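These figures come from a predicted structure and were not determined experimentally. All values below come from the heavy atoms of this structure, side chains included, with hydrogens, waters and symmetry mates left out.
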Amino acid sequence: MNHRPSHTHFIVPETLQTSTTDCGPAALRSLLQGMGIHASYTRLRAACQTDVDGTSIDGLEELCLSLGLDAEQMVVPRDHLLLAPSGILPCIVVVKSRLGPHFVVVWNRVGPWVQTMDPSYGRRWQRVSAFLSTLMPFAMPVDAAAWRGWAETDEYRGALEARMTALHLSEARRRALLERSLSDPTWRGIGTLDASLRFTAQLVASRGLQRSDEILRFLDAISDPARSDDVAIPEATWSVRPATPGPEGDEQLSLRGAVVLRVRLPSADAPAPADDEPAPADDEPAPADADASGSPTESPQDRARALVDNAPSLRQHLVDLLRADSPRERLLLLVLALAGSLGLVIELVLFRTLIDLVGRLGLASHRAQALAVVLVFSLALLLLDIPAMSLVLRAGRRLELRLRLGFAARLPRLADGYLQSRLVSDLAGRIHHATRIRQLPDVIWQLFRAGSELVVTAAALAWLDPRLLAHVLAVVAVSLLVPLVTYNPVQEHDYRVRTLSGSLYRFYLDALQGLFPVLTHGAERGVQSEHDQIMSHWEAASRALLRVRMGAEGLQLFVGLGAAVWLVRTHLEHARDSVGSVLLVVYLALSIPALGQRLSLLTRQLIRLRNYSFILLETLAEPLWRLPPPDAPHPAPARSSPRPPLRPTGVQLDLQDLTVISGGKERLSALDLTVLPGEHVAIVGSSGAGKSSLFGLLLGWVEPTRGRLLIDGEPVTPAALARLTEQLAWVDPVTQLWNRPLLDNLAYAAPGSSVGAAIDAMDLRSVLERLPQGLQTPLGEGGRLLSGGEGQRVRLGRAYLQRDVRLVLLDEAFRGLDATVRQRLLDAARARWRDATLLCITHDIAEALAFDRVLVIEDGRVVEDGAPQVLARTEGSRYHTLLALKETLHDALGSAAWRQVVVTGGRADQHREAP
């Protein structure tokens with residue numbers, strides 16, 4: 001197939017991940033941007049179905065295919081990856097990291113260097129050997145005949161020829177070896193040649209083979225497919241080995257190598273998506289065509305337009321925040337900077353004049369006056385830094401305050417899917433980084449000052465001795481080049497230390513949250529062992545970072561001082577100036593390396609602070625899908641609202657051939673389901689069957705991968721989900737209880753409501769009576785003042801108080817309650833929402849008998865749908881089987897082998913044999 005060029009840029013575009021789980025979308029955005037497709041990072045992340053476990057390579061491949069790109073997931077030998085004949089670059093590969101598999105863009109190779117884009121810290125140039133050692137090893141079973149066909153392709157044969165060329169084999173010998181290996185009709189011929197080349201290259205690298213005749217004889221001997229065994233070739237050098245035969249007896253191979261996602265633009269004759277068409281609005285569905293069945297389908301061009309990045313970049317957000325201060329303050333800072341640079345020149349002139357005149361001033365008072373003038377001027381320059389630093393520090397405080405307030409104001413208004421797909425420790429770490437971000441204006445200011453001082457110093461040297469201009473430029477270049485050369489090693493070790501520090505943060509958070517289970521199960525030694533392991537890695541990485549930094553600074557000092565000495569020596573060879581000029585040349589020459597090192601350090605700080613800023617700004621730049629901004633006008637009361645009145649019945653839900661894939665796993669599969677308005681439906685099934693994923697679909701946490709979800713006959717849009725939220729009651733066992741009064745916990749979704757009816761309906765009167773301050777009693781962190789069952793009744797009370805409810809989602813809403821209370825609360829809930837559409841997930845199979853309809857879900861599919869009373873009497877039905885298993889378990893627990901303990905008021909006061 002004739003493909004268009006995969007990329008036209010020599011330098012790979014950078015995209016930094018803003019979360020620990022976002023390396024997949026960030027790598028894909030960088031790759032697409034290099035191909036000329038400017039996709040939105042946020043929309044790519046949503047399209048990839050990224051969750052707290054990250055993005056799978058299957059999800060990336062499926063998204064690329066849906067965009068009309070030619071994407072292929074491959075497992076290739078590691079030494080084939082960077083070879084030009086293999087045609088793999090650019091691509092996305094899976095590498096090893098401290099946190100597990102990690103996606104990296106491999107862009108191109110230049111000699112012994114390979115250019116990559118690591119979403120964790122940006123563009124990198126690495127040695128080929130160092131990069132290949134980071135690849136994640138992988139093995140997968142393949143059909144032997146299929147692999148043999150792939151080995152005959154031009155790409156694979158070209159890679160083998162390139163490896164033979166690296167061993168200095170002649171063209172005739174290369175052709176002879178290939179023809180001999182391909183003459184074997186099985187996989188073994190070409191597979192043996194591949195392993196032999198790898199083994200021979202290792203021996204050559206270790207100087208075990210040196211002469212070309214030795215290499216040729218050795219390779220010719222071990223690569224002969226006629227040999228009856230392959231003992232001479234080490235196991236580690238094989239990329240394919242025999243595996244267990246397939247179910248039909250087909251020969252299988254175990255293919256070893258690196259996991260690669262190769263992406264290419266479509267063929268030249270395929271229609272390309274138009275770039276001049278505007279992207280659809282966030283609350284409007286993308287244009288779609290209709291398929292043969294009449295259902296709208298989204299074309300690759302529509303999908304590509306929907307991912308177009310038409311929002312301001314994170315860099316632009318950061319610039320806007322920095323420019324939010326008064327323009328007069330920025331102008332004043334500029335004036336102070338120019339005054340400081342001009343003052344430095346005047347100070348140098350004064351020092352030179354003072355040195356030249358100190359011998360001509362005979363009176364001590366005259367010398368003291370001259371010295372006083374210079375000191376006063378120097379003091380005035382120092383005093384100029386006071387208002388400048390005051391403005392810079394004030395700008396840093398304001399920047400941090402804007403970020404914190406923006407984060408706090410935006411976080412509650414983000415889409416549920418955004419919050420569900422990120423780690424709690426990750427979101428907590430973002431606002432923690434705001435303290436570091438206050439240093440950003442100071443670093444920018446110091447960087448500007450250091451740069452201006454370097455320019456002034458070079459100009460002063462050229463002014464003192466114009467013949468030194470070329471030498472000065474060379475010294476400046478060397479002073480700046482050395483930090484750039486040592487930047488990558490320092491950055492790699494620094495990133496490793498920061499990654500391990502993040503692991504410690506997450507470890508501490510997990511340990512605190514799981515403290516009670518750890519103590520209960522006696523797992524202190526295991527937790528301590530894990531902590532010691534992370535700490536040992538962190539200590540080793542910190543020591544390595546210290547060594548690299550000291551080496552880089554030592555190299556900078558050695559080269560800088562050498563360059564300064566060379567500059568002074570060159571000046572002295574033809575200098576006929578006064579002592580003052582010579583001393584100034586020495587001082588300025590020694591200043592250049594120091595300023596170069598300072599610029600290098602400030603540049604590293606700026607890059608790090610920029611990354612921290614992007615992490616926090618990603619949350620601030622996230623589009624709001626659900627709720628209006630707080631400054632938007634509130635809707636008028638219902639009696640005067642221009643909106644149509646709410647329907648008296650519930651919503652109608654239609655799922656049409658709907659599939660949900662999240663985190664590389666199929667959660668729901670080809671669901672065809674209709675729930676009528678006002679219908680009450682029970683949902684049962686084993687854990688992991690997909691019940692909660694169905695609720696996540698209705699709550700907006702996940703989006704359909706295929707198929708459609710209709711609400712009241714209309715396609716779901718963010719605006720429709722926002723309207724549905726206003727008419728939704730949702731109860732979940734893990735919904736947060738705040739460390740606030742009971743009244744606030746009950747009425748936070750319906751402020752001003754009378755809570756008396758909810759307290760009586762949800763059996764909270766006894767809880768209220770024992771609280772020391774009644775409704776004003778704080779419930780403790782996570783509601784620890786309440787038992788599990790009491791906390792669940794508070795959650796039910798919240799939903800009970802909501803008004804105009806048309807859809808009710810009960811996800812194990814009665815967990816922690818005994819059977820009698822469960823049934824009473826379920827009856828109260830169904831009576832409260834008798835006209836609403838109610839879906840109830842329950843693991844109590846008998847509880848579903850009270851409903852008119854039950855759905856049995858297994859492996860993401862609805863395997864049974866009908867009246868529970870009918871299914872319970874139908875032999876062989878899945879619901880009948882589940883109900884029988886529950887009765888069997890109940891009978892077993894009621895046998896004489898069990899003793900029943902009744903706890904009342906916190907005391908076990910009744911002991912009797914179970915009935």
Spacing of Arg878 atom CZ and Ile845 atom CD1 [to the nearest 0.5 Å]: 9.0 Å

Okay, side chain of Glu530, backbone of Val527: is any donor-acceptor separation there less than 3.5 Å? no

Arg873 vs Val870 side-chain heavy atoms within contact, under 4.5 Å: yes

What's the shortest heavy-atom distance between Ile57 and Phe103, and which atoms? N-CZ, 3.7 Å

Any salt bridge between Arg706 and Asp657, counting N to O under 4.0 Å? no

Arg803/Gln727 under side-chain contact (heavy atoms from CB on, under 4.5 Å): CA gap, chis, key distance, verdict: CA-CA 7 Å; Arg803 298 180 291 268; Gln727 308 163 11; over 6 Å; no

Does CZ in Arg740 sit with more than 12 non-hydrogen atoms of other residues, nucleotides or ligands closer than 6.0 Å? no

Point-to-point distance, once rounded to the nearest 0.5 Å, from OG of Ser877 to CD of Glu864: 4.5 Å

Find the distance between CG (Leu697) and CG (Leu658) and round it off to the nearest 0.5 Å. 5.5 Å

Do Asp654 and Gln656 have a side chain donor and acceptor closer than 3.5 Å? no

Is the shortest heavy-atom distance from the side chain of Leu698 to the side chain of Leu709 under 4.5 Å? yes

I need the Leu838 CG to Leu826 CG distance, nearest 0.5 Å. 8.0 Å

Worked verdict on Arg806 versus Asp712 for salt bridge (charged side-chain N to carboxylate O under 4.0 Å, His left out): CA-CA 11 Å; Arg806 299 183 58 222; Asp712 289 332; 3.2 Å; yes

Can Thr842 and Glu847 be counted as having a side-chain donor-acceptor contact under 3.5 angstrom? yes

Over all atoms of both residues, closest heavy-atom pair of Pro119 and Ala26: CB-CB, 3.7 Å

Which residue in the set Thr777, Val794, Leu785 passes side chain to side chain contact (heavy atoms under 4.5 Å, CB included) when paired with Leu742? Val794

Could you tell me whether Asp811 and Arg795 make a salt bridge, using a distance below 4.0 angstrom between a side-chain N and a carboxylate O? no

Between Glu61 (side chain only) and Gln73 (backbone N and O only), is there a donor and an acceptor less than 3.5 Å apart? yes

Below 4.5 Å, heavy atoms only, C-beta onward: do Ile683 and Arg853 meet side chain to side chain? no

Shortest non-hydrogen contact from Leu671 to Arg861? CD2-CA, 4.0 Å

With a 4.5 Å limit on heavy-atom distance, are the side chains of Ile857 and Val684 in contact? no

Check whether any side-chain heavy atom of Leu673 sits under 4.5 Å from a side-chain heavy atom of Leu855, and report yes or no. yes

Are Leu810 and Ile841 side-chain neighbours, meaning at least one heavy-atom pair lies under 4.5 Å? no

NZ or CZ of Arg830 within 45° of Phe851 ring axis and under 6.0 Å: yes

So, Asn745 versus Arg798: side-chain donor-acceptor pair below 3.5 Å or not? yes

Correct closest heavy-atom pair for Leu825 and Ala761 would be CD2-O, 3.4 Å

Minimum side-chain heavy-atom gap Tyr879-Thr881 below 4.5 Å: no

Quick one: closest heavy-atom pair of Ala836 and Leu807, and the distance? CB-N, 4.3 Å

Output yes when Asp763 and Arg793 qualify as a salt bridge under the 4.0 Å nitrogen-oxygen rule, no when they do not. no

Side-chain donor/acceptor of Gln802 to backbone N/O of Leu728, under 3.5 Å: yes

Work out which heavy atom in Phe814 is nearest to a heavy atom in Arg822; give both atom names and the distance. CB-CG, 3.1 Å

Count the heavy atoms of every other residue, nucleotide or ligand shown that sit under 6.0 Å from CG of Asp672, and state whether that count exceeds 12. yes

Taking the side chain as C-beta and beyond, is there a heavy-atom pair between Leu746 and Leu764 under 4.5 Å? yes

